[in-house]
Amino acid sequence: MTNVIEVKDMHFAYRDGTEALKGIDLNINSGEFIALIGQNGAGKTTFAKTLNGLLKPSQGYVKCGGIDTNQKRVIKKLVREVGYVFQNPDHQLFNNEVGKEIAYAPKNIGLSDEEIEERVNEAAAVAGIKQDYLSMHPFFLPKGLRQRVSIASILALRPKVIIVDEPTTGQDYRQSVEIMEFLKKLNEERGHTIIIITHEMDIVAQFAKRVVVLCQGKLLLDGATKEVFAQPKILEAAYVKVPEATRMAQALTANGVSKDVLSADELWIQFQEAIGR
């Protein structure tokens with residue numbers, strides 16, 4: 001696995017002096033599926049926006065694909081490294097046709113018409129957007145499909161890393177699982193590094209392989225999902241509750257149930273084995 005993002009002693013302060021991030025050190029490797037979690041105001045979205053150059057560190061540095069985001073005139077390079085999908089797709093979509101929306105970013109970095117067409121068709125196919133939809137206005141589509149259009153517009157740039165802010169907000173359970181399975185497919189079959197920002201711990205338990213916890217602008221925890229969720233007292237400081245199945249397992253450790261449970265299915269297996277013993 002190769003390093004795609006390197007963050008070293010990174011601080012970020014807004015113009016009013018508010019320090020949103022304080023001394024973040026983090027390395028992200030290619031092919032990872034990471035959940036970025038923490039309470040509102042912990043600095044998650046601010047941190048994510050420093051990874052693609054939308055925000056510049058006040059101190060320290062962020063390197064994406066070896067590119068220092070503090071350098072001048074690097075945006076065209078950075079968009080090929082890290083793509084950012086906004087929490088609400090309606091804040092990202094502005095063209096009057098789906099095809100034009102997907103083509104917008106490749107056109108802006110100066111690709112030829114032939115290359116743009118190829119990338120639009122490729123991104124639409126990967127995102128599960130039918131050709132019939134390419135001529136439609138994005139806002140005529142249901143939210144789940146609008147989310148896919150916003151992701152396709154990022155895929156057209158072929159970035160190594162895709163950051164998705166609150167991918168399941170405003171969607172029912174079926175739609176949430178559908179969009180997460182899509183991100184999982186991008187990760188496992190196409191090799192994209194995926195970073196999701198979310199408050200849905202069940203989604204984290206089901207899909208993320210690594211969890212990064214921010215609290216008051218600082219890095220509180222970083223590790224494999226099971227390892228992070230196995231520290232509920234530390235997570236309480238960040239106002240993060242582990243999934244219900246994990247909480248139940250942790251309450252039953254004295255009865256031989258493993259505290260590393262992430263799902264109801266795992267809990268049921270552990271419970272049956274404990275009864276057998």
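Computed over heavy atoms, backbone and side chain alike; hydrogens, waters and symmetry mates excluded.
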(message) side-chain contact (heavy atoms from CB on, under 4.5 Å), that's the test. Do F33 and R210 meet it? Break it down for me.
(response) CA-CA 6 Å; F33 198 124; R210 176 182 173 188; over 6 Å; no

(request) Using a strict cut-off of less than 4.0 Å between a Lys/Arg side-chain nitrogen and an Asp/Glu carboxylate oxygen, indicate whether K77 and E81 qualify as a salt bridge. (result) no

(message) Is it the case that atom CD in E115 sees more than 12 heavy atoms from other parts of the structure closer than 6.0 Å?
(response) yes

(message) A quick test of your reading: do over 12 heavy atoms of other residues, nucleotides or ligands sit less than 6.0 Å from CZ of F271?
(response) no

(message) Using 0.5 Å steps for rounding, measure from the CD1 atom of I102 to the CG atom of N95.
(response) 10.5 Å

(request) Calculate, to the nearest 0.5 Å, the distance between atoms CD and CG belonging to E32 and N3 respectively. (result) 9.0 Å

(request) Quick one: closest heavy-atom pair of Q39 and K44, and the distance? (result) O-NZ, 3.1 Å

(message) I need the E97 CD to M136 CE distance, nearest 0.5 Å.
(response) 11.0 Å

(request) Provide the closest heavy-atom pair for V204 versus T225 in the form atom of the first, atom of the second, distance. (result) O-CG2, 4.1 Å

(message) Rounded to the nearest 0.5 Å, what separates atom CG in L134 from atom NZ in K100?
(response) 12.5 Å

(message) Can you confirm whether Q216 is buried at CD, in the sense that more than 12 heavy atoms of other residues, nucleotides or ligands lie under 6.0 Å from that atom?
(response) no

(request) Heavy atoms only: give me the nearest V261-S263 pair and the separation to one decimal. (result) CG1-O, 3.3 Å

(request) Please lay out, stage by stage, how Y14 and T46 fare under the test side chain to side chain donor-acceptor pair (under 3.5 Å). (result) CA-CA 10 Å; Y14 287 100; T46 300; 2.7 Å; yes

(request) Give the cluster check for L36 versus I5: same hydrophobic cluster or not, with ILVMFWY residues linked at side-chain heavy-atom distances below 4.5 Å. (result) yes

(request) Give a yes or no on whether I234 and V211 share a hydrophobic cluster (residues Ile, Leu, Val, Met, Phe, Trp, Tyr; joining criterion: side-chain heavy atoms under 4.5 Å apart). (result) yes

(message) Is the terminal nitrogen or CZ of K63 (NZ for Lys, CZ for Arg) located under 6.0 angstrom from the six-membered ring centre of Y61 and within 45° of that ring's axis?
(response) yes

(message) Any non-hydrogen side-chain atom of S58 less than 4.5 Å from a side-chain atom of F12?
(response) yes

(message) Using modelled atom types and a 3.5 Å cut-off, is there a donor and acceptor pairing between side-chain atoms of T198 and backbone atoms of E200?
(response) yes

(message) Contact between V82 and P159 at the side-chain level, heavy atoms closer than 4.5 Å - yes or no?
(response) no

(request) Please tell me if the side chains of R158 and E122 come closer than 4.5 Å, counting only heavy atoms from C-beta onward. (result) yes

(message) Assess the residue pair L155 and H192 against the criterion (side-chain contact (heavy atoms from CB on, under 4.5 Å)); give the C-alpha distance rounded to whole Å, side-chain angles, the decisive distance to 0.1 Å, and a yes or no.
(response) CA-CA 10 Å; L155 287 175; H192 290 284; 3.8 Å; yes

(request) May I ask you to decide if P243's main-chain N or O and D202's side chain share a donor-acceptor pair within less than 3.5 Å? (result) no

(request) Establish whether I194 and I154 are linked, either directly or via other cluster members, by ILVMFWY side-chain heavy-atom contacts under 4.5 Å. (result) yes

(request) Would you mind reporting whether L267 and V257 have side-chain heavy atoms less than 4.5 Å apart? (result) yes

(request) List the atom of K259, the atom of T246, and the distance in Å for their closest heavy-atom pair. (result) O-CG2, 4.1 Å

(message) Taking CD in E273 as the centre, count heavy atoms belonging to other residues, nucleotides or ligands within less than 6.0 Å. Is the count above 12?
(response) yes

(request) Keeping the roles fixed (side chain from K56, backbone from T69), state whether a donor-acceptor pair exists under 3.5 Å. (result) yes

(message) Show, in sequence, the C-alpha distance, side-chain angles and deciding distance for I67 and L78, and conclude whether the side-chain contact (heavy atoms from CB on, under 4.5 Å) test is met.
(response) CA-CA 7 Å; I67 303 168; L78 285 174; 4.0 Å; yes

(request) Treat each ILVMFWY residue as a node, draw an edge where side-chain heavy atoms are under 4.5 Å apart, and state whether M248 and V240 are in one component. (result) no

(message) Ring-plane angle category for F139 and H137, please: parallel below 30°, perpendicular beyond 60°, tilted otherwise.
(response) tilted

(message) Any heavy-atom pair between the side chains of F94 and E101 that's under 4.5 Å?
(response) yes

(request) Check M10 against V62 and note the closest heavy-atom contact, atom names and distance. (result) CG-CG2, 3.8 Å

(request) Inspect the surroundings of NZ in K143 and state if more than 12 heavy atoms from other residues, nucleotides or ligands are less than 6.0 Å away. (result) yes

(request) Evaluate the side-chain contact (heavy atoms from CB on, under 4.5 Å) criterion for residues I24 and T50: first the C-alpha distance (whole Å), next the side-chain angles of each, then the deciding distance (0.1 Å), finally the verdict. (result) CA-CA 11 Å; I24 305 292; T50 66; over 6 Å; no

(request) Would you check if the distance from the ring center of Y133 to the ring center of F140 is below 6.0 Å? (result) no

(message) With clusters defined by side-chain heavy atoms of hydrophobic residues (ILVMFWY) lying less than 4.5 Å apart, directly or transitively, does M201 cluster with L221?
(response) yes

(request) For D165 and F86, indicate whether the former's side chain and the latter's backbone hold a donor-acceptor pair under 3.5 Å. (result) no

(request) Would you check if I179 and I151 make a side-chain contact, meaning some heavy-atom pair closer than 4.5 Å? (result) yes

(request) Drop me the distance from D25's CG to L219's CG, to the nearest 0.5 angstrom. (result) 8.0 Å

(message) Can a donor-acceptor pair be found, under 3.5 Å and without considering hydrogens, that links the side chain of N187 to the backbone of L183?
(response) no

(message) Has Q270 got a side-chain atom pairing as donor or acceptor with S258's backbone, closer than 3.5 angstrom?
(response) yes

(request) Identify the two heavy atoms, one from V242 and one from L235, that lie closest to each other, and give their separation to 0.1 Å. (result) CG1-CD1, 3.4 Å

(message) Rounded at 0.5 Å granularity, tell me how far CG in N27 sits from NZ in K8.
(response) 8.5 Å

(request) Could you tell me whether the side chain of S153 reaches within less than 4.5 Å of the side chain of Q92, counting heavy atoms only? (result) yes

(request) For residues I28 and I195, determine if any side-chain heavy atom of one lies less than 4.5 Å from a side-chain heavy atom of the other. (result) yes

(request) Considering only NZ, NE, NH1 and NH2 on the basic side and carboxylate oxygens on the acidic side, decide whether E181 and K185 come within less than 4.0 Å. (result) no

